[in-house]
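Position 1 is the first residue of the sequence, and the numbers go up from there. Nothing here was measured: the structure is a model prediction, and the numbers come from that model.
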Amino acid sequence: MKLAIVQDDIVRRGGAEQVALSFHQAFPDAPVYTLAYDPHATYEEFKQVNIKTSWFGKLVRNEDTMKKLFFPFGVWAMRQLDLTAYDVILQSTTHCAKYIKTRSDALIITYCHTPFRLVWRSETYEQVRNASFLKRIAFQYVINRLRKIDLKSARRTDWFVTNSSEVVPRIEQAYHPKQPISVINPSVKCKNFYVDENPEDYFWLSPDLSLIKRLT
């Protein structure tokens, strides 16, 4: 059985990248496919991983440039990334990891951190909410195209896994999964945090932006 790991991109130090590293620890011989990789901007551990990037990633590593050129070039590159030689695909994704080429009989397991935010919750972006008339038309064109690609790619998933119960309804509404969604909380490096003896108030914002609660 041949297994491959896919991560959207590896150009920052974030939670999704930590999950991809956990996948690597579980399957150390599996290659990690990704849109782009910047070894200087992400975790040192990735330097020991067999990382394979798309042609886009060979040209673009900077996170800012990658975001600007993601549509259409990054999308195009990821859809050309050929993983048809693999029997099992383990994806860590919010957006493009699921766009890769796979066999119809491959087992696809998607750890979805949240559905593609720009596509499914575009109103949470200030740039979209406050866009001028012409920019809004352009945004909507891109969003509509990406939504079709994102949904079609997501429907190939056999099993969805996510990081918390908060995300489950988002995946259900966006992708209508074939099987019940499993929640597996990601590992946390507790040594990176400490408990303050005098915690301050903080706020919780609901997903629909309609409710703010103060937690003490």
*Asks:* Quick one: are Ile184 and Asn163 in side-chain contact, heavy atoms under 4.5 Å?
*Replies:*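 The answer is no; the side chains never approach within 4.5 Å.
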
*Asks:* Looking only at side chains, do Asp8 and Thr93 share a donor and an acceptor under 3.5 Å apart?
*Replies:*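 There is such a pair (donor and acceptor under 3.5 Å, judged by atom type) between the side chains of Asp8 and Thr93.
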
*Asks:* Mind checking whether Tyr33 and Val60 sit in one hydrophobic cluster, side chains of I, L, V, M, F, W, Y counted as touching below 4.5 Å?
*Replies:*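 Yes, same cluster.
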
*Asks:* I'd like to check Ser122 versus Gln140 (side-chain heavy atoms, cut-off strictly below 4.5 Å). Are they in contact?
*Replies:*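 Heavy-atom side-chain distance check fails, nothing below 4.5 Å.
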
*Asks:* Would you mind reporting whether Pro180 and Phe160 have side-chain heavy atoms less than 4.5 Å apart?
*Replies:*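 A side-chain contact is absent here, since even the closest heavy-atom pair is not under 4.5 Å.
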
*Asks:* Answer whether the closest heavy-atom distance between the side chains of Gln179 and Thr157 falls below 4.5 Å.
*Replies:*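 No, every pair of side-chain atoms sits at 4.5 Å or beyond.
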
*Asks:* Is there a chain of hydrophobic side chains (I, L, V, M, F, W, Y, each step under 4.5 Å between heavy atoms) that links Leu81 to Leu69?
*Replies:*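 Linked within one cluster.
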
*Asks:* So do Ser92 and His113 actually touch side chain to side chain, heavy atoms under 4.5 Å?
*Replies:*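 A side-chain contact exists here, since the closest heavy-atom pair is under 4.5 Å.
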
*Asks:* Please check if Ile109 and Val19 belong to a single hydrophobic cluster, counting links between Ile, Leu, Val, Met, Phe, Trp and Tyr side chain heavy atoms closer than 4.5 Å.
*Replies:*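 Looking at the clustering, Val19 is in the same group as Ile109.
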
*Asks:* Does Arg13 pair with Glu17 as a salt bridge, N-O distance under 4.0 Å?
*Replies:*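 Judged by the 4.0 Å cut-off on N to carboxylate O distance, Arg13 and Glu17 do not form a salt bridge.
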
*Asks:* Would a distance-only check, ignoring hydrogens and angles, find a side-chain to backbone donor-acceptor pair under 3.5 Å from Thr162 to Cys112?
*Replies:*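 Side chain of Thr162 to backbone of Cys112: a pair is present.
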
*Asks:* For the atom pair CD (Gln91) and CD (Gln7), what is the distance rounded to the nearest 0.5 Å?
*Replies:*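 Going from CD on Gln91 over to CD on Gln7, the span is 10.5 Å.
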
*Asks:* Do Tyr37 and Asp9 come close enough that some side-chain heavy atom pair is under 4.5 Å?
*Replies:*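 Tyr37 vs Asp9: side chains apart.
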
*Asks:* I need the Lys148 NZ to Asp150 CG distance, nearest 0.5 Å.
*Replies:*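 With rounding to 0.5 Å, NZ (Lys148) is 13.5 Å from CG (Asp150).
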
*Asks:* Do we get Arg170 above Trp120's six-membered ring, with its NZ or CZ under 6.0 Å from the centre and within 45° of the axis?
*Replies:*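 No cation-pi geometry.
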
*Asks:* Kindly compute the distance separating OG1 (Thr110) from CD1 (Ile89), expressed to the nearest 0.5 Å.
*Replies:*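 Going from OG1 on Thr110 over to CD1 on Ile89, the span is 10.0 Å.
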
*Asks:* Do Leu146 and Leu151 land in one hydrophobic cluster if side-chain heavy atoms of ILVMFWY residues count as linked below 4.5 Å?
*Replies:*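 Per the 4.5 Å side-chain linkage, Leu146 and Leu151 are co-clustered.
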
*Asks:* Does atom NZ of Lys58 have more than 12 heavy-atom neighbours, drawn from other residues, nucleotides or ligands, at distances under 6.0 Å?
*Replies:*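 Correct, the count exceeds 12.
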
*Asks:* Please round to the nearest 0.5 Å and tell me the distance separating atom CG of Leu21 and atom OH of Tyr43.
*Replies:*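 Output value for this atom pair is 8.0 Å.
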
*Asks:* Show the nearest heavy-atom pair for residues Arg103 and Tyr86, with the distance to one decimal.
*Replies:*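 Heavy atoms only, the tightest pair is NH1-O, 3.4 Å.
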
*Asks:* Should Val75 and Phe70 be marked as a side chain to side chain contact (heavy atoms under 4.5 Å, CB included) after you check the CA-CA gap, both sets of side-chain angles, and the distance that decides it?
*Replies:* CA-CA 6 Å; Val75 175; Phe70 178 76; 3.6 Å; yes

*Asks:* Provide the closest heavy-atom pair for Asp82 versus Thr84 in the form atom of the first, atom of the second, distance.
*Replies:*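 Closest approach of Asp82 to Thr84: OD1-OG1, 2.6 Å.
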
*Asks:* Val11 versus Thr42: any side-chain heavy-atom pair under 4.5 Å?
*Replies:*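 Answer no - side chains too far apart.
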
*Asks:* Can you tell if the side chain of Val167 reaches within under 4.5 Å of the side chain of Pro115, non-hydrogen atoms only?
*Replies:*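 Val167 reaches Pro115 side chain to side chain.
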
*Asks:* Counting neighbours of CH2 on Trp76 that are heavy atoms of other residues, nucleotides or ligands and sit closer than 6.0 Å, is the number greater than 12?
*Replies:*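 Counting other residues, nucleotides and ligands, CH2 of Trp76 stays at 12 neighbours or fewer.
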
*Asks:* Between the side chain of Thr65 and the main-chain N/O of Asn62, is any donor-acceptor distance below 3.5 Å?
*Replies:*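 Not a single qualifying donor-acceptor pair exists.
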
*Asks:* Determine whether the aromatic ring centres of His24 and Phe46 lie less than 6.0 Å apart.
*Replies:*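 No; Phe46 has its ring centre 6.0 Å or more from that of His24.
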
*Asks:* Check Ala4 against Ala30 and note the closest heavy-atom contact, atom names and distance.
*Replies:*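 Residues Ala4 and Ala30, closest heavy atoms: CA-CB, 4.5 Å.
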
*Asks:* Angle between ring planes, His95 versus Phe116, binned at 30° and 60°: parallel, tilted or perpendicular?
*Replies:*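 Plane angle between 30° and 60°, so tilted.
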
*Asks:* How far does CG of Asp158 sit from CG of Leu107, to the nearest 0.5 angstrom?
*Replies:*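 Nearest 0.5 Å value for the CG-CG distance: 5.0 Å.
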
*Asks:* Using a strict cut-off of less than 4.0 Å between a Lys/Arg side-chain nitrogen and an Asp/Glu carboxylate oxygen, indicate whether Arg129 and Glu126 qualify as a salt bridge.
*Replies:*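 Between Glu126 and Arg129 there is no salt bridge, as every charged N stays at least 4.0 Å from the carboxylate O atoms.
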
*Asks:* Evaluate side chain to side chain contact (heavy atoms under 4.5 Å, CB included) for Ile51 paired with Ile10, printing each intermediate quantity in order.
*Replies:* CA-CA 10 Å; Ile51 295 177; Ile10 307 174; 4.1 Å; yes

*Asks:* Are Arg117 and Tyr125 in a cation-pi contact, defined as NZ or CZ under 6.0 Å from the six-membered ring centre and within 45° of the axis?
*Replies:*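 Yes, cation above the ring, under 6.0 Å and within 45°.
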
*Asks:* What verdict does the side chain to side chain contact (heavy atoms under 4.5 Å, CB included) test give for Leu35 and Met66, after you've listed the backbone C-alpha separation in whole Å, the side-chain angles of each residue and the deciding distance to 0.1 Å?
*Replies:* CA-CA 9 Å; Leu35 176 64; Met66 185 194 71; 4.1 Å; yes

*Asks:* Looking at every non-hydrogen atom in both residues, tell me the closest pair between Pro177 and Glu172 and how far apart they are.
*Replies:*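 Between these two residues, the closest heavy atoms are CD-CA, 3.8 Å.
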
*Asks:* Mind listing the closest non-hydrogen atom pair of Phe139 and Gln127 along with its distance?
*Replies:*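 Scanning both residues, the minimum pair turns out to be CE1-O, 3.4 Å.
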
*Asks:* I'd like to know whether Arg12 forms a side chain to side chain contact (heavy atoms under 4.5 Å, CB included) with Asp38, so could you lay out the CA-CA distance, the side-chain angles of the two residues, the decisive distance to 0.1 Å, and finally the verdict.
*Replies:* CA-CA 8 Å; Arg12 66 184 69 79; Asp38 183 351; over 6 Å; no

*Asks:* Kindly compute the distance separating NZ (Lys101) from CE (Met78), expressed to the nearest 0.5 Å.
*Replies:*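 One finds 13.0 Å between NZ of Lys101 and CE of Met78.
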
*Asks:* Do Tyr111 and Leu83 sit in the same hydrophobic cluster, where Ile, Leu, Val, Met, Phe, Trp and Tyr count as joined when their side-chain heavy atoms come under 4.5 Å apart?
*Replies:*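 No.
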
*Asks:* Mark yes when over 12 heavy atoms from residues, nucleotides or ligands other than Arg79 sit less than 6.0 Å from its CZ; otherwise mark no.
*Replies:*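 Atom CZ in Arg79 is not crowded, with 12 or fewer foreign heavy atoms closer than 6.0 Å.
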
